[in-house]
Amino acid sequence: MIRALITGGQQGIGLGIATALRAAGWEVAIAAELPPGADAVQSALAALPGATYHQHDLRDLAAIATLLDAVGPVTTLISNAGVPAMVRGDLLDMRPDSFDRCIDVNLRGTFFLAQECARRMLHLPADPYRSICFITSVSATMVSPDRAEYCMSKAGAAMMAQAFAARLAPENIGVFDIRPGIIETPMTAPVRNRYDDRIAGGLVPARRWGNPADIAQTILPLVRGDFAFATGAIIPVDGGLSIHRL
């Protein structure tokens, strides 16, 4: 039995990963805060025959055990769900509610779900391979002052991935930090025009937007255990965006 739980799996990067894992033979459970009848959820389930959907708000720590009981044993956690800054703008004008939302979802809720998944993974057999992949962001180290709360949350999530990797390495549970760059998803749709010209002009050396399939293709060998001894690895999937250049 290989079962993946993918948070935010109903769209964008999460759906791309879910599609790839389902095609590769994983049982797939997706979780998001949307009600089961939402259009995005129904579209995702139609594209993922056999997958299950579980409504879950990452901010609700008391609901974590209920979620995992409903999903069943998880060998693969794809910690993907996240929220952006509520408003892009001068960090001197940042509102506490936007800061709190990023921290509560991208860091606090993400940590405690991963914690409980890891605890339960310890009671599973070592075969099949067990893993946790945190989908953080190049924003963990590349600052955008107009959405500093998001960057800070992702920087914290990157350290969280390192901490889990160090703790779980003796248990042969692989932990990886996947850092997407500028990826074409519903989250980035509002800034499409802002980045089109900059990407074409060389901001991204690959000179294109990334897409969810780019992330999914990176995930597959990690969760199969092909890179088990590379646990703790930080993998930018950004078309060269984060390369230091003159």
Side-chain angles (χ1 to χ4, degrees), residues 1-38 40-83 101 103-136 157 160-161 163-165 167-176 178 219 222-225 231:
M1 183 280 299
I2 46 175
R3 179 177 295 131
L5 170 60
I6 304 167
T7 61
Q10 83 288 358
Q11 65 179 15
I13 291 172
L15 180 56
I17 295 170
T19 302
L21 292 183
R22 191 76 191 94
W26 264 254
E27 293 185 17
V28 168
I30 57 178
E33 63 179 342
L34 294 174
V41 174
Q42 291 303 306
S43 294
L45 291 176
L48 297 167
T52 60
Y53 178 75
H54 306 267
Q55 186 175 5
H56 177 71
D57 185 339
L58 279 170
R59 294 169 293 188
D60 186 358
L61 304 187
I64 290 173
T66 300
L67 167 68
L68 295 180
D69 287 346
V71 170
V74 171
T75 59
T76 308
L77 172 63
I78 308 295
S79 183
N80 166 74
V83 294
R101 178 172 174 258
I103 297 301
D104 285 349
V105 174
N106 300 350
L107 194 56
R108 184 172 182 266
T110 293
F111 172 81
F112 284 104
L113 176 58
Q115 179 193 63
E116 183 59 23
C117 278
R119 287 170 172 166
R120 296 184 183 212
M121 283 181 183
L122 293 176
H123 299 288
L124 298 178
D127 185 18
Y129 183 68
R130 299 156 296 169
S131 64
I132 300 174
C133 291
F134 291 96
I135 310 300
T136 63
M160 175 170 59
F164 272 107
R167 171 60 182 86
L168 297 176
E171 311 295 340
N172 195 34
I173 297 174
V175 180
F176 303 94
I178 313 303
I219 289 284
L222 300 178
V223 300
R224 283 197 306 253
T231 189

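A pairwise comparison of heavy atoms in Phe176 and Thr231 identifies CE2-CA, 3.8 Å as the closest pair. Closest heavy-atom contact between Ala114 and Leu77: CA-CD2, 3.7 Å. Residues Leu107 and Met160 approach most closely at O-SD, 4.1 Å, considering heavy atoms. Taking all atoms of both residues into account, the shortest heavy-atom contact from Asp69 to Arg120 is OD1-NH1, 2.8 Å. Between Tyr129 and Asn172, the shortest heavy-atom distance links the atoms CE1-O, 3.9 Å. Between Ile30 and Val28, the shortest heavy-atom distance links the atoms CG2-CG1, 4.0 Å.
Of the charged side-chain nitrogens involved, none lies within less than 4.0 Å of a carboxylate oxygen, so that Glu27 and Arg22 do not count as a salt-bridged pair.
Taking 4.5 Å as the limit, some side-chain heavy atom of Val71 sits within range of a side-chain heavy atom of Arg3. Taking 4.5 Å as the limit, every side-chain heavy atom of Val223 sits out of range of all side-chain heavy atoms of Ile2. In this structure, the side chains of Val74 and Glu116 stay at 4.5 Å or more apart for every pair of heavy atoms. Looking at heavy atoms from C-beta onward, Pro36 lies in side-chain contact with Gln55 at the 4.5 angstrom threshold. In this structure, the side chains of Met1 and Pro73 come closer than 4.5 Å at one or more pairs of heavy atoms.
A donor-acceptor contact shorter than 3.5 Å is absent between the side chain of Gln10 and the backbone of Ala44. Ser131 places no side-chain N or O within 3.5 Å of a backbone atom of Val175 that could act as its donor or acceptor partner. The backbone N or O of Gly8 sits less than 3.5 Å from a side-chain atom of Asn80, completing a donor-acceptor pair. Distance alone, capped at 3.5 Å, is enough to place a donor-acceptor pair between the Asn106 side chain and the Val83 backbone. Arg224 places no side-chain N or O within 3.5 Å of a backbone atom of Ile219 that could act as its donor or acceptor partner. Using a distance-only test at 3.5 Å, with no hydrogens or angles considered, a donor-acceptor pair links the side chain of Thr110 to the main chain of Val105.
The structure places CD1 of Ile64 at 7.5 Å from CG of Leu58, a figure rounded to the nearest 0.5 Å. Taking CD1 of Ile132 as the start and CZ of Phe164 as the end, the distance is 6.0 Å to the nearest 0.5 Å. Rounded to the nearest 0.5 angstrom, Trp26 CH2 and Ile17 CD1 are separated by 12.0 Å. With values rounded to the nearest 0.5 angstrom, Ile6 atom CD1 is found 6.0 Å from Ile78 atom CD1. For the atom pair CG (Leu68) and NE2 (His54), the distance works out to 9.5 Å, reported to the nearest 0.5 Å. Distance check: His56 NE2 to Leu5 CG gives 8.5 Å after rounding to the nearest 0.5 Å.
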Going through the distances and angles, do Leu113 and Leu67 end up as a side chain to side chain contact (heavy atoms under 4.5 Å, CB included)? CA-CA 9 Å; Leu113 176 58; Leu67 167 68; 4.1 Å; yes
Under the criterion salt bridge (Lys or Arg N to Asp or Glu O under 4.0 Å), I'd like the reasoning laid out for Glu171 against Arg130: C-alpha separation, chi angles, the key distance, then a yes or no. CA-CA 9 Å; Glu171 311 295 340; Arg130 299 156 296 169; 5.8 Å; no
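Partners of Thr7 according to the side chain to side chain donor-acceptor pair (under 3.5 Å) rule, which considers only residues two or more places apart in sequence or in another chain, do not exist here. For the salt bridge (Lys or Arg N to Asp or Glu O under 4.0 Å) test, no residue two or more places apart in sequence or in another chain qualifies with Arg108. With sequence neighbours excluded, no residue forms a side chain to side chain donor-acceptor pair (under 3.5 Å) with Asp127.
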